[in-house]
Structures are given as structure tokens and as C-alpha cells.
Amino acid sequence: VITMTERLRKKGLGADVRVIFTEPTLAAFAARLERSGSSLPTSVDSSAFDDGLAHVLPPLVTLGLEQRDAIAAKVPGGASAIQDIYPLGPLQEGILFHHLLDNETDTYLLRTALRFDTRTHVDRFLSALQHVVDRHDILRSSVHWEGLERAVQVVHRQAPIEVREVAFDTAVDTHAQLMDMTDHLRLDLSRAPL
């Protein structure tokens with residue numbers, strides 16, 4: 001579905017992912033595209049946006065200047081650090097719903113403990129992980145909803161991984177200490193990487 005919507009976008013047609021799932025056949029979907037006149041502009045009037053947000057296509061998300069400024073104020077580096085802004089997809093909306101529903105933990109937060117032989121291996125792993133984040137928009141994204149009509153995904157140009165070193169009592173099981181320490185972590189959806 002994502003591939004199809006991207007191909008449609010490249011052809012100048014825009015389709016909300018939900019429309020794809022609500023139409024029972026491709027013919028019905030095509031007819032709905034034709035009826036809605038959902039063509040995307042081939043160029044964007046950059047005067048409609050702040051300098052840092054000029055590349056965002058208006059049909060994907062409509063934000064007023066005050067809303068764009070509020071989002072840019074929450075992103076390290078401001079508007080120039082924003083690559084793109086999209087409305088949340090249905091699955092992302094579900095994740096946000098569960099995040100807001102439970103103030104104690106995050107339903108979708110999974111913990112994995114890895115053990116490395118040397119500090120060099122740790123540094124190589126972190127470098128590789130940062131490389132993965134750098135290459136994938138979704139990993140460089142944050143979610144913003146406060147003061148907005150609809151929640152949005154903000155893709156950051158850069159999202160450095162935050163590394164925090166913690167010293168444990170080596171006389172006690174370090175894995176158990178790590179699990180205890182991270183037992184009630186919550187994602188900060190407003191910061192990238194998630």
C-alpha cells in the first residue's frame with residue numbers, strides 16, 4: 001500500500017491510506033480518486049511556508065503558521081531541522097492512542113538486552129544503529145498532537161541516538177538491575193529517534 005501511494009504521488013495523485021482500505025476494488029478506488037480530484041501540485045509555493053518548511057506538500061497536512069511555529073519550536077534546530085510533516089496513518093494513530101491511554105508504560109515499547117565483549121564492539125554497534133536511523137525517515141520521526149486538529153509525524157533531518165551510560169553494582173545480577181531500571185520507561189513521542 002505504501003509503495004502504491006508513493007507511485008500515485010509521483011504521478012500527481014494523492015490518496016489517503018484509509019481510502020485504499022475502504023474501497024472494495026481497484027476500480028472503485030480509481031473512481032474515487034477521479035471523483036475527488038485528488039491531484040497533487042507539481043510545485044509548491046514556498047511563500048506559503050517558513051523557509052525551513054517550504055518543501056512540505058500542502059495536501060499532506062494543512063497547518064497554520066502558529067501550528068507550524070509551535071512544532072518547529074519543539075524540534076531541536078527549529079524549522080530548518082524538519083525534513084517533512086505527515087498526518088499519522090491509522091496504525092500510528094493506534095499507537096498514539098495506546099500511548100495516551102496508559103500513563104504507566106507503553107504498550108509498544110519492547111526491551112532487549114545485548115551484551116558486548118568490548119567497548120569497541122559497543123561503539124561499532126551504536127555507529128551501525130545510528131546509520132540505520134539516518135537512512136530511515138520513520139526512525140527519525142517524532143509525533144506531535146497538542147494544539148493540533150490532527151496528530152502529525154514530523155520527520156527530522158537528523159536524529160542522534162541518545163546514549164546514557166549507567167554504572168551497576170557488579171555483585172548483583174546486572175541484567176536484572178537493567179530490567180528493573182527500565183521497567184517503567186515511556187517513550188517520549190515528541191523526540192526523535194523514538
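Keep in mind that what you see is a predicted model, and the values were worked out from it rather than measured.
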| field | For D137, salt bridge (Lys or Arg N to Asp or Glu O under 4.0 Å) partners two or more places apart | value | R140
| note | Hits for salt bridge (Lys or Arg N to Asp or Glu O under 4.0 Å) against E66, two or more places apart or cross-chain, chain-then-number order -> none
| task | Name all residues meeting the side-chain hydrogen bond (donor to acceptor under 3.5 Å, both in side chains) criterion together with E162; count only those two or more places apart in sequence or in a different chain, and write none if there are none. | result | R191
| request: Give a yes or no on this: more than 12 heavy atoms of other residues, nucleotides or ligands lie within 6.0 Å of atom CD of Q158. | output: no
| field | Residues, nucleotides or ligands: over 12 heavy atoms within 6.0 Å of R111 CZ | value | yes
| request: Search all heavy atoms of T174 against all heavy atoms of F168 and return the closest pair with its distance. | output: CG2-CB, 4.0 Å
| task | Give the minimum heavy-atom separation between P193 and P160, together with the two atoms involved. | result | CD-O, 3.4 Å
Can you check whether [Y]'s main-chain N or O pairs, donor with acceptor, with [X]'s side chain at less than 3.5 Å?
X	Y	result
Q177	D169	yes
T182	L185	no
R68	A79	no

| Should side-chain heavy atoms under 4.5 Å link Ile, Leu, Val, Met, Phe, Trp and Tyr, which residues sit in the same cluster as V132? | L114, F116, V122, F125, L126, L129, V133, I138, L139, I161, V163
Any side-chain heavy-atom pair from [X] and [Y] closer than 4.5 angstrom?
X	Y	answer
W145	L189	yes
Q153	S141	yes
V154	V143	no
Y86	V155	yes

Can you tell me how far the [atom1] atom of [X] sits from the [atom2] atom of [Y], to the nearest 0.5 Å?
X	Y	atom1	atom2	result
E104	D183	CD	CG	10.5 Å
Q92	L96	CD	CG	9.5 Å
I71	I82	CD1	CD1	6.5 Å
D173	L178	CG	CG	10.0 Å
H184	T105	NE2	OG1	8.0 Å
L187	D106	CG	CG	4.0 Å

| said: Grouping I, L, V, M, F, W and Y whenever their side-chain heavy atoms are under 4.5 Å apart, do L109 and M179 come out in a common cluster? | reply: no
| Does one hydrophobic cluster hold both L148 and I85, with members joined at side-chain heavy-atom distances below 4.5 Å? | yes
Would you kindly say whether [X] and [Y] are connected by a side-chain donor-acceptor distance under 3.5 Å?
X	Y	answer
S142	H156	yes
T120	D123	no
Q130	D134	yes

| request: Go through the steps for H99 and R186 under the test side chain to side chain donor-acceptor pair (under 3.5 Å), then give the verdict. | output: CA-CA 8 Å; H99 174 79; R186 282 185 48 80; 3.1 Å; yes
| said: Could you work out, with side chain to side chain contact (heavy atoms under 4.5 Å, CB included) as the rule, every residue matching A73, not counting sequence neighbours? | reply: none
| side chain to side chain contact (heavy atoms under 4.5 Å, CB included) involving T170 - partner list, sequence neighbours excluded | none
| field | Worked verdict on M181 versus V166 for side chain to side chain contact (heavy atoms under 4.5 Å, CB included) | value | CA-CA 10 Å; M181 185 184 95; V166 180; 3.9 Å; yes
